[in-house]
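Note sheet for the following structure.
Lettering of chains follows the sequences in order, A, B, ..., and the numbering in each one begins at 1.
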Amino acid sequence: MTYVMFFFHSEQYICIEINRTILSEFNDFTFNKPLKNLSMKVNQKSKRKFKIARTIALLLMPLFFIACLNDKKEENVDTADISVHQEMIAELTSPPHVPTPVGARKAKKLIVKMEILEQEGEMTDGVKYMYWTFGGTVPGSFIRTRVGDEVEFHLQNHPDNKLPHNIDLHAVTGPGGGAESSFVAPGHEKVFSFKTLNPGLYVYHCATAPVGMHIANGMYGLILVEPAGGLPKVDKEYYIMQGDFYTKGANGERGLQPFDMQKAVDENADYVVFNGKVGALTGDNAITANVGETVRLFVGNGGPNLVSSFHLIGEIFDKVHVEGGDLINENVQTTLIPAGGAVIVELRVDVPGTFILVDHSIFRAFNKGALGMLKVEGEEDKKIYSGEIRDDIYLPEGPGIQTMPTTNEIVESEVPAKSFEEQMEFGKQAYMQTCFACHQAEGQGIANAFPPLAKSDYLNADVDRAIGIVLHGLTGEITVNGEKYNSVMTRQSLSSDEVANVLTYVYNSWGNSKKVVTKEMVDKIKNK
Amino acid sequence: MKTKAFSLIIICCVFQTFMFGQTEGMVFIKGSRYLPLYGRDSTVVEVKDFNMDIYPVTNKDYELFVEKYPKWQKSNVIKLFADDSYLANWKNNLELKDDQNSNSPVTYVSWFAAKAYCECQGKRLPTVDEWEYAAMADETTKDARVKPSYNEQILAWYEAPRSNENIIGESPKNAWGVYDLHGLVWEWTLDFNSVLITGESRKDVDKDSDLFCGSASLNATDLMNYAAFMRYAIRGSLKAKYSMKNLGFRCVQDINQ
């Protein structure tokens with residue numbers, strides 16, 4: 001108690017000191033500086049001005065005292081000494097959701113029950129992966145605590161699992177972050193307890209040998225320690241975590257893909273994704289908000305290897321809790337999230353639209369899956385963003401046309417389609433990976449930019465021409481369904497099989513002529 | 001009571017030794033010196049000649065055992081020697097559940113139970129060094145640890161679910177003539193807890209610490225260490241009374257003279 005009293009006194013003292021400094025600065029400025037500088041007239045004027053300021057400052061002084069006293073009351077208590085009242089079972093949530101904010105609740109004994117499951121999941125269309133998870137999801141369940149909570153952690157290793165696991169929570173002050181005390185064999189449960197001393201957003205992960213493999217298979221998640229009184233209220237909160245994955249087959253190769261140790265050691269990732277799989281945050285899974293709302297994202301990076309250049313296309317982070325700690329940076333475009341680190345970002349969404357979350361190490365976003373969506377609904381605000389105003393012709397000299405690797409270099413798919421149904425299935429996968437961005441999900445295209453494939457007269461008129469376009473690309477003006485388009489389609493990196501599949505899919509969708517395109521037809525055009 | 005139990009074990013063991021030929025269902029493993037995966041730099045261990053069970057002990061084998069030794073039946077077992085999961089896949093003291101295969105390796109057995117089983121056959125559990133020595137062979141080579149294919153196969157098993165329900169002898173035998181060291185279940189070893197893995201794998205890397213297992217291997221580029229480390233990790237997480245779904249055993253026998 002005496003200790004605390006002393007603390008109070010010393011803080012008050014500091015407050016008084018600050019006030020004195022402020023006043024003496026005024027004095028300095030009023031009496032000394034003008035004498036050195038300007039004419040008496042100006043001097044008199046400014047003297048009067050500063051006298052007023054001084055009086056105001058003197059009047060405000062008591063307020064400073066009160067402010068100081070109030071501020072210090074909570075902070076002065078060592079977080080280890082915060083007492084806990086009552087017990088509570090922690091609410092755990094799967095990504096992208098987060099539990100209810102702590103708000104004004106007092107520190108409690110918080111019981112966390114986390115189950116480890118080794119289970120098969122889908123990395124992307126047609127690609128399966130054996131994930132090791134905390135709570136059945138990648139990333140693992142979100143844990144929300146406040147500073148001073150006593151967390152009683154139950155780590156349960158499901159009896160069907162093959163391996164022992166443990167948990168290292170970066171929020172823990174203690175050896176191994178709990179790893180040693182939580183080392184648990186399949187079919188067993190370990191219990192340990194820790195007190196949350198430092199507010200912030202922390203990563204947790206498995207630390208059982210070989211640790212890299214446990215993390216690479218998805219064993220990571222986030223634990224939030226809110227300050228006393230909680231984080232400021234916002235309208236929407238979401239939970240996102242990036243991770244890199246290493247599979248025996250190349251990106252997109254179908255079937256159950258085992259973990260590839262050599263690629264992991266070489267840090268040569270096949271997939272870099274948000275929330276454990278390609279498309280976990282796109283389309284119907286996108287996170288949402290309404291215009292005018294403030295969105296807070298809890299973003300972690302499980303690694304195991306890659307550092308994230310986290311960016312939201314078309315928005316600026318109003319606030320970034322740098323590295324998940326106390327330091328707040330404002331107006332940030334891209335924030336770096338180290339592997340085994342996290343960040344809290346806040347932004348007010350002002351205009352409607354789809355905003356794309358990416359790792360701005362950009363090939364990861366477009367070729368390896370590190371892409372998510374924030375869909376914002378509401379009224380447009382033309383002042384903030386006009387949309388397209390005009391479309392003028394601009395023809396510089398010597399148009400440079402992008403080239404892609406030739407189709408001859410592309411290795412044939414190892415699993416050719418055996419039936420029409422398979423052709424449709426594989427074709428759809430290829431379409432979603434290759435064509436979707438321009439021609440859109442229903443083949444509707446984008447007005448004035450990318451011609452439609454749905455009910456397309458141009459497409460249905462000539463199948464060989466269509467094959468040729470996919471193989472070699474197309475530049476220049478064409479007329480599709482009465483509309484003129486003038487843009488560039490590059491040649492596509494697809495094997496003959498894949499071209500046949502994707503065109504069969506297109507011809508048999510959206511009211512087209514139901515042609516079936518075979519590999520032989522493609523090869524014929526290719527070898528012309 | 002306890003002394004009685006012990007004397008019973010001793011009697012049965014001595015008796016069994018005389019009853020059966022020692023090498024039925026076993027193969028001879030020629031001893032040698034080798035560098036185990038957890039070893040400190042250049043610490044070579046020596047393994048003497050021994051016989052090893054060709055197959056892991058199966059559910060059928062274990063049924064015969066508990067019939068003969070009722071104290072190891074599900075409801076009679078002393079709680080100190082086996083936890084509540086002991087024979088969790090049995091419907092009563094003498095029978096497996098209907099969906100279990102009698103030719104699958106026996107699992108849900110504690111170290112005490114496994115040890116008693118082997119002793120009653122006049123055998124014993126293998127040491128970690130013996131087990132690892134026999135298990136570093138693939139189909140053609142006695143030390144296949146450097147082959148990528150060997151490592152890949154083992155790691156693939158770590159990812160395959162429910163392999164404990166497969167039956168013994170389905171995959172090819174190794175160069176010694178032993179089946180299923182990898183691919184079905186983990187196996188108990190006599191001194192499973194003598195290699196100290198704390199579970200804090202990064203700490204185990206510290207060369208200054210007594211926990212020596214990681215020092216030579218985690219910083220190596222020899223990827224085999226991944227598979228081996230997982231075995232040492234599972235051993236390190238065990239206690240002798242644990243009975244687990246993916247953990248069985250087999251026995252070995254010393255060569256006399």
[X] side, atom [atom1]; [Y] side, atom [atom2] - distance, nearest 0.5 Å:
X      : Y      : atom1 : atom2 : value
B:M244 : A:D160 : CE    : CG    : 11.5 Å
B:S237 : A:N157 : OG    : CG    : 8.0 Å
A:Q262 : B:N151 : CD    : CG    : 11.0 Å

Checklist line | Pairs flagged by side-chain hydrogen bond (donor to acceptor under 3.5 Å, both in side chains) wherever residues 125-138 of chain A is involved - sequence neighbours left out | finding: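 Qualifying pairs, neighbours excluded: A:Y129-A:N217.
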Here the pair of heavy atoms bringing B:N246 nearest to A:N161 is ND2-O, 3.0 Å
A quick test of your reading: do over 12 heavy atoms of other residues, nucleotides or ligands sit less than 6.0 Å from [atom1] of [X]?
X      : atom1 : result
B:D84  : CG    : no
B:K239 : NZ    : no
B:K115 : NZ    : no
A:K248 : NZ    : no
B:K241 : NZ    : no
A:E323 : CD    : no

When the 4.5 angstrom heavy-atom criterion is applied to A:H188 and chain B, the contacting part is side chain
Cut-off 4.5 Å, heavy atoms of chain B, and the answer for A:P186 is both
Ranked by heavy-atom pairs below 4.5 Å to chain B, first place among A:A185, A:S182, A:P159 goes to A:A185
Which residue out of A:K162, A:M213, A:E120 racks up the most heavy-atom pairs below 4.5 Å with chain B?
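Answer, by heavy-atom pair count under 4.5 Å with chain B: A:K162.
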So for B:D83, is it side chain, backbone, both, or neither that comes closer than 4.5 Å to the heavy atoms of chain A?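 Looking at B:D83, just its side chain touches chain A.
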### Message
Main chain of A:L163, side chain of B:W186: is a donor-acceptor contact present, judged purely on distance under 3.5 Å?
### Response
no
